[in-house]
There are 2 protein chains.
Amino acid sequence: MDDIARDTGLSAMTVSRALRESQSVSAATREKVLEATQRLGYHVDFIARQLRAKHAFQLGVVVSFRGYVGHYYFGQIVQGMQQVLAGTHYHISLFDLESEDFNDPLKCVNLCHQRRVGGLVIVGPGQKERFPKILADLAMPLIVVGSSLGRQAISYVAVDNISGARAMTEHLLDLGHRRIGFIQGWREGRDSAQREQAFRKTLAAHKVPVMEQWIGPGEYETRKAHHLAMEWLSRPAPPTAIFAANDLMAYGVIDAARSLGLRVPEDLSVAGFDDLGSSADFVPALTTVAQPMASLGTVAARYLLDVLQTNGPAAVLHQKLPTQLQVRSSTAPPGKSAVAGASKPKRRTSRRA
Amino acid sequence: MDDIARDTGLSAMTVSRALRESQSVSAATREKVLEATQRLGYHVDFIARQLRAKHAFQLGVVVSFRGYVGHYYFGQIVQGMQQVLAGTHYHISLFDLESEDFNDPLKCVNLCHQRRVGGLVIVGPGQKERFPKILADLAMPLIVVGSSLGRQAISYVAVDNISGARAMTEHLLDLGHRRIGFIQGWREGRDSAQREQAFRKTLAAHKVPVMEQWIGPGEYETRKAHHLAMEWLSRPAPPTAIFAANDLMAYGVIDAARSLGLRVPEDLSVAGFDDLGSSADFVPALTTVAQPMASLGTVAARYLLDVLQTNGPAAVLHQKLPTQLQVRSSTAPPGKSAVAGASKPKRRTSRRA
DNA sequence: GCCAGACTTGTTATCGATAACATTCATGCT
DNA sequence: AGCATGAATGTTATCGATAACAAGTCTGGC
């Protein structure tokens, strides 16, 4: 600030230049300025810089606080973003979908302009329908994370549910399973539907019949999946494998199997989707499809930064990140005994962790 | 902006006033201004307002992205903060403990001044040692969330581990348990130590001997607790109840009991600490100590807002929030059979959810 | 009829950094 | 010598909102 200028006998302008540009300031002057800056403990005021630059060096993350911030994924995504932003001047600002009323495009625009947010990351399910219209009003780089939006002119980065579910289904088929159940997630979200479709198509491609009685809703909830699995497994001739649309439901299935005296994976193979942090430590360790959540954040942040730097017309990014099949201890070839039903008691063995 | 002023034939000042103050502007004028504001799609520029007000209407959340953002609690705390901030103009900005180098007090001050952060919320373990010094340099309201700092002149809000662990221990004693194990969390953190101390003291107060062989380290990890419980439970005369310092470890204990053919809670009572979202849905539903994580955020945000509004010298807040005992299905009076050991197979019953 | 006091609106200066333009000074060329 | 060139620095204006102060208007009371 002016103190530095006075201290060094220079003008504020020169100080400003010395602190930013490498050209057009003599080495001796820069030296002096830097020294004084250190000594007086000066630091640029971002707000003022932002006002002049019409730019706040901020990326907004729009998220449902009520429904999603407590979620495991949210932190992962933010962490991925931060990795990209660490080297830059950019920061992350959180916007609450509920309290800000992002349903109203006008308010949304207001807020972003008010805060001079450089770009927006929309996180979480259920946003896809309303954001197209908002974007039209919003001359702002924007990317939706976690939902694939189809062919719309909005950028998104999502996880490739289809290849992930296909890989898992093939894994179960390769093990020899032919009687496979599938537990669905939310009906509203596209993710679960894609996983289910991939499951069905992969079975069909391998000429394995799809058993409609073993496809049912679990809403991504442990408890609902538990109930469903109890039903399936306590009837005669139950499935030999169950593929749940997320890990939490897989936990529920495993628990149901146990309370019926079935061993996992000997009597029933169970597969999930997500690879939650706890899934590797679960007993038995869960076979699942790992979602690259941090990478979602990384890609989103990098995209916005790119767009902001080129400041040309924003290229639309439609990216699906590959999943990774994590084969652990909850899946195995089907045992002969399982066909007989669930009532027969078995000897219990300790499981590999 | 000026457009509004021109449109309404008023001065920018009057427009500014009409949009903020309820006094000192005539109703007719305000009407006109608001109408024009709507029509022209105007919105105040926060950056400019901030520059003038020397104040950014932001609370910084300092958190270890690497270690804590993915954690379940983080979202809860942020959610709690947002509840308080929803009615205000304040927003949440995230600062990464790692990439910002908050170890260096100078850099920390710089950053906060640069961003004009109004107050700081420090989240996560392990901050207590270094922040005192930083605070001295930092003329900024600050509160540490989740760690009790003892008698230092830094505000904190934390969970009352001691009363929580005492309540749980008394619950187990009330049920009739006398052979109770305890699984510790991280050695470094104070939380686990406090829970353990409360456990020991409560036993002592009830003249129940503390069994050192049934107190062991679990590091808050499911798997480690699983191993430890396997060891304890496969020996003769095992404990009839195990109190784990967090829920994840309780899951591990329940799993260990099951793989040894023990029923929970009939043969072994298991208690946790945290009340994770999944714990109520776990089968059996977990008896645990609920931590008011969202309240931590709420209290922290409210404290900072208070301090910022009074702008007098900040009163130091040392608050411990009460926990709540959640009695569910994983604890019960000790069965007679448990004393005999773990090898005898039992009939399996379905459990209450 | 005139003025105190309340009410409403306008003017100027400011927050701090910096873009755009102006100025100074030294060097090298004809 | 005289002037063009360019490097280094200084001046002014600006981003947009608003605090502080100024001024104008209206009311009622003497």
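Checking each of L120(A), L304(A), I143(A) against L59(A) for a side-chain contact (heavy atoms from CB on, under 4.5 Å) leaves exactly one that passes, namely L304(A).
Residue-level contact check: R20(B) touches the backbone only, with heavy atoms under 4.0 Å from sugar-phosphate atoms and none from bases.
Rounded to whole Å, atom C1' of dG16(D) lies 13 Å from atom CZ of F46(B). Look at CG on D2(B): it is 12 Å from P on dT11(C), rounded to the nearest Å. When the C1' atom of dC7(C) is taken as reference, atom CZ of R17(B) falls 11 Å away, rounded to whole Å. If you take CZ of R30(A) and P of dA7(D), they are 14 Å apart, rounded to a whole angstrom. H89(B) has its NE2 atom 10 Å from the P atom of dT18(D), to the nearest Å. The interatomic distance linking D45(A) (CG) with dT18(C) (P) rounds to 10 Å, in whole Å. Nucleotide dT18(D) holds its P atom 7 Å from the CE atom of M13(B), rounded to whole Å. Nucleotide dT18(D) holds its P atom 13 Å from the NE2 atom of H55(B), rounded to whole Å.
OP1 or OP2 of dA7(D) has not a single side-chain nitrogen or oxygen of S26(A) nearer than 4.0 Å. In this structure, T14(A) does not reach the dT9(D) phosphate: none of its side-chain N or O atoms is under 4.0 Å from OP1 or OP2. Regarding contacts with the backbone of dG16(C), every side-chain N or O of S16(A) stays at 4.0 angstrom or more from both OP1 and OP2. Of the side-chain N and O atoms in R49(A), none sit less than 4.0 angstrom from OP1 or OP2 of dG16(C).
Distance CG/N161(B) to NZ/K320(B): 7.0 Å, rounded to 0.5 Å.
Judged by closest nucleotide on DNA chain C, A12(B) is the one of A12(B) and A48(B) placed further toward the 5' end. Of the residues near DNA chain C, Y42(A) and A27(B), the one whose nearest nucleotide (by heavy atom distance) lies more toward the 5' end is A27(B). Two residues, S24(A) and R52(B), neighbour DNA chain D, and the one matched to the more 5' nucleotide by heavy-atom proximity is S24(A).
Rounded to 10 degrees, the angle separating the terminal axes of the helix from dG1(C)-dC30(D) to dT30(C)-dA1(D) is 60°, with each axis obtained from five end pairs.
In this structure, L305(A) and R302(A) have side chains that are not in contact, with every pair of non-hydrogen atoms separated by 4.5 Å or more. Residues V78(B) and F74(A) fail the side-chain proximity criterion, which asks for heavy atoms closer than 4.5 Å. Side chains of V157(B) and Y303(B) form no contact here, defined as non-hydrogen atoms less than 4.5 Å apart.
Closest to the side chain of L10(B), from the set dT18(C), dG10(C), dA17(D), is dG10(C). Here the side chain of K54(A) is nearest to one of dA17(D), dG16(D), dG10(D), namely dG16(D). With dG10(D), dA8(D), dA17(C) as the choices, the nucleotide that has an atom nearest any side-chain atom of T29(A) turns out to be dA8(D).
Remark: E31(A) CD is loosely packed, at most 12 non-hydrogen atoms of other residues, nucleotides or ligands lying under 6.0 Å away.
At a cut-off of 3.5 Å, with distance as the only test, a side-chain donor of Y73(A) or Q291(A) sits close to an acceptor on the other residue. If you check the side chains of R20(B) and S16(B), you find a donor sitting under 3.5 Å from an acceptor.
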